[in-house]
Amino acid sequence: MTINTNEISALIKAEIKNYKTQIVASDVGTIVSIGDGIAIIYGLDSAMLGELLLFPGDVYGMVQNLEPDNVGAVLLGDDYEIKEGDTVKRTGKVVEVPVGDGLIGRVVNAIGQPIDGLGPIKYSKTRPIERIAPGVMLRQPVNEPLLTGIKAIDSMIPIGKGQRELIIGDRQTGKTAIAIDAIINQKDKNVLCVYVAIGQKQSSVANIADRLRHEGAMEYTTIVSATASELAPLQMIAPFAGVSIAEEWMEKGKNVLIVYDDLSKHAVAYRTLSLLLKRAPGREAYPGDIFYLHSRLLERACRLSDENGGGSITALPIIETQAGDRSAYIPTNVISITDGQIFLMSSLFASGQRPAIDSGQSVSRVGGSAQIKAMRQVAGSLKIELANYRELQSFSQFGSDLDASTKRVLRHGEVLMEVLRQPQYTPFKLEQEIFELLIAKSRLLEDIPLTSIHTFLEEAYGTLTIQHPEYLASVMQNKKFVDDLEEKIVTFVKDLLATKTFTNDEAV
Ligand code: ATP
Ligand code: MG
């Protein structure tokens, strides 16, 4: 077969005429410099802030800096195959994570890929990790309790659904323990949980996953993990990925508890990334928008109004302080963003008072209305009594000849501190918390040796629930003490106490 040369040129001309392409010059750029997980790219004139870019070797990056003549991007994967002069493509999408019920019980990385070896995640929907928080009109006040199962918190620093309560303290003071106990306590309470681990050791995250699985808490929990060995950008986006996963459930009308462990390391990751992008360092070398970073994250926790489904996100961010310094930059920022804080003191922790909650400095700014009346009835004076105790405690160290009333206050303080002690992984039921605080408030424990208080309370609670299950059932049903139930319970315990003898070697 012969082909006429005229035909060939006509064919080529027609091809050229009909040639169509999607490639626009501004959709492809060239890498000017690369290193430390940061790429400076020339030519992506119309790139958007936060847009996903495709680098050679299928590595993704995220646009962070829009300069007049170049674009700064952070890499979300290894950069060793990428070099100067390589081309980079725009994707037109922002960073997204898979969302939905397929994530329940899974451990994922900061971009929602599974890292628990349980196979791919089933999902039909993704969400951008950055989103503007719901506005005022879409919300309703926080007035439903979110119980942690920790006596000291549920009584004195109550947390409500949709609240943001900071957990703050030095290293190794039991911060993570409180958050994990709060997650364990959501079992059978119809609350989904998201635990975001930022900048922690892989072994700690593995331990937490194991513990949650062991307690049956992974049935309603998702772990998002960006460990210390991962790139700063991944640590930076992990909490945003976590809250996007939570938001999907909130919009479906569910209640979600999210823990950010911890935002100090998150701030450090963001500082690293900002300095590498050559942004101006501010106080403590953090970039100027670090407050905005944390506030736009925490503002996404809220309680939606009933017309919008009534779902909620309760956030428990964690901050680590250095030698108790709460006036450092990041702690003050996050304190001012959140609706209250739980202060943990290393001296209390070291003296064996665990959880080491400093009741004088801890507050919940919205939680009061989220407490049931019965709890307010038994715990109303707790904070003041403990404050009195602390004040007198410092005096009592000077001499032993104290008057009777001082001794009584001191003794009562000791008893309360003992009652508020609680081992890890043993969240209490609300009725048991109320029962124990009622007995302590009624001063029935003043003559029992401190070491016997827990055994006695446990026995008393056990006997009461067997002999008169209707007492506490009625309190829980009415949410307050009615028909002198308070007296009935106290009399019951008093009678039980009369049958006991304690080897009394320390009571006053
Ligand atoms: P880090 O600063 O390393 O993150 P952290 O403040 O999160 O520490 P945890 O890891 O929660 O502290 O707890 C420190 C140690 O104290 C752990 O070994 C934990 O088991 C123990 N611990 C925490 N809470 C209690 C408690 N209520 N009773 C007994 N031990 C506790
Ligand atoms: Mg911790």
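Excluded from the calculations below are hydrogen atoms, water molecules and symmetry mates; all remaining heavy atoms, backbone and side chain alike, are included. Each ligand, and each atom within it, is numbered from 1 in the order the structure gives.
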Tabulating one pair per line, provide the atom names and distances (0.1 Å) for every N/O atom of ligand 1 that is less than 3.5 Å from a protein N/O atom.
unit_1: ligand 1; atom_1: 2 (O); unit_2: Q172; atom_2: N; d: 3.0
unit_1: ligand 1; atom_1: 2 (O); unit_2: K175; atom_2: NZ; d: 3.0
unit_1: ligand 1; atom_1: 3 (O); unit_2: Q172; atom_2: NE2; d: 2.8
unit_1: ligand 1; atom_1: 6 (O); unit_2: Q172; atom_2: N; d: 3.4
unit_1: ligand 1; atom_1: 6 (O); unit_2: T173; atom_2: N; d: 3.0
unit_1: ligand 1; atom_1: 6 (O); unit_2: G174; atom_2: N; d: 3.2
unit_1: ligand 1; atom_1: 6 (O); unit_2: K175; atom_2: N; d: 3.0
unit_1: ligand 1; atom_1: 6 (O); unit_2: K175; atom_2: NZ; d: 2.7
unit_1: ligand 1; atom_1: 7 (O); unit_2: T176; atom_2: N; d: 2.9
unit_1: ligand 1; atom_1: 7 (O); unit_2: T176; atom_2: OG1; d: 2.7
unit_1: ligand 1; atom_1: 8 (O); unit_2: Q172; atom_2: N; d: 3.1
unit_1: ligand 1; atom_1: 8 (O); unit_2: Q172; atom_2: NE2; d: 3.4
unit_1: ligand 1; atom_1: 11 (O); unit_2: T176; atom_2: N; d: 3.4
unit_1: ligand 1; atom_1: 11 (O); unit_2: A177; atom_2: N; d: 2.8
unit_1: ligand 1; atom_1: 12 (O); unit_2: G174; atom_2: N; d: 3.0
unit_1: ligand 1; atom_1: 20 (O); unit_2: Q424; atom_2: OE1; d: 2.5
unit_1: ligand 1; atom_1: 22 (N); unit_2: Q424; atom_2: OE1; d: 3.3
unit_1: ligand 1; atom_1: 27 (N); unit_2: Q422; atom_2: O; d: 3.0

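- In this structure Y292 satisfies the ring pair (Phe, Tyr, Trp, His ring centres under 6.0 Å) test with no other residue, sequence neighbours excluded.
- For the residue pair S474 / Q477, no side-chain donor-acceptor distance below 3.5 Å is found, with atom types taken as modelled.
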Go through V142 and D339 one step at a time and tell me if the side chain to side chain contact (heavy atoms under 4.5 Å, CB included) criterion holds.
CA-CA 11 Å; V142 173; D339 311 304; over 6 Å; no
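- Residues forming a ring pair (Phe, Tyr, Trp, His ring centres under 6.0 Å) with F291 (at least two apart in sequence, or on another chain): none.
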Show your reasoning for whether salt bridge (Lys or Arg N to Asp or Glu O under 4.0 Å) applies to K441 and E385.
CA-CA 10 Å; K441 179 189 163 213; E385 285 169 359; over 6 Å; no
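- Around the Mg ion (ligand 2), protein N, O or S atoms at less than 2.8 Å number 1.
- More than 12 non-hydrogen atoms from other residues, nucleotides or ligands lie less than 6.0 angstrom from CG of L118.
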Using the rule given for side-chain hydrogen bond (donor to acceptor under 3.5 Å, both in side chains), can you reason through H412 versus E446, listing the C-alpha separation, both sets of side-chain angles and the distance that settles it, and then say yes or no?
CA-CA 6 Å; H412 189 56; E446 313 297 282; 3.3 Å; yes
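- Under the 4.0 Å criterion applied to side-chain N and carboxylate O atoms, D101 and K254 are assigned as salt-bridge partners.
- Just one of R300, R127, R131 meets the side chain to side chain donor-acceptor pair (under 3.5 Å) condition when paired with S244; it is R300.
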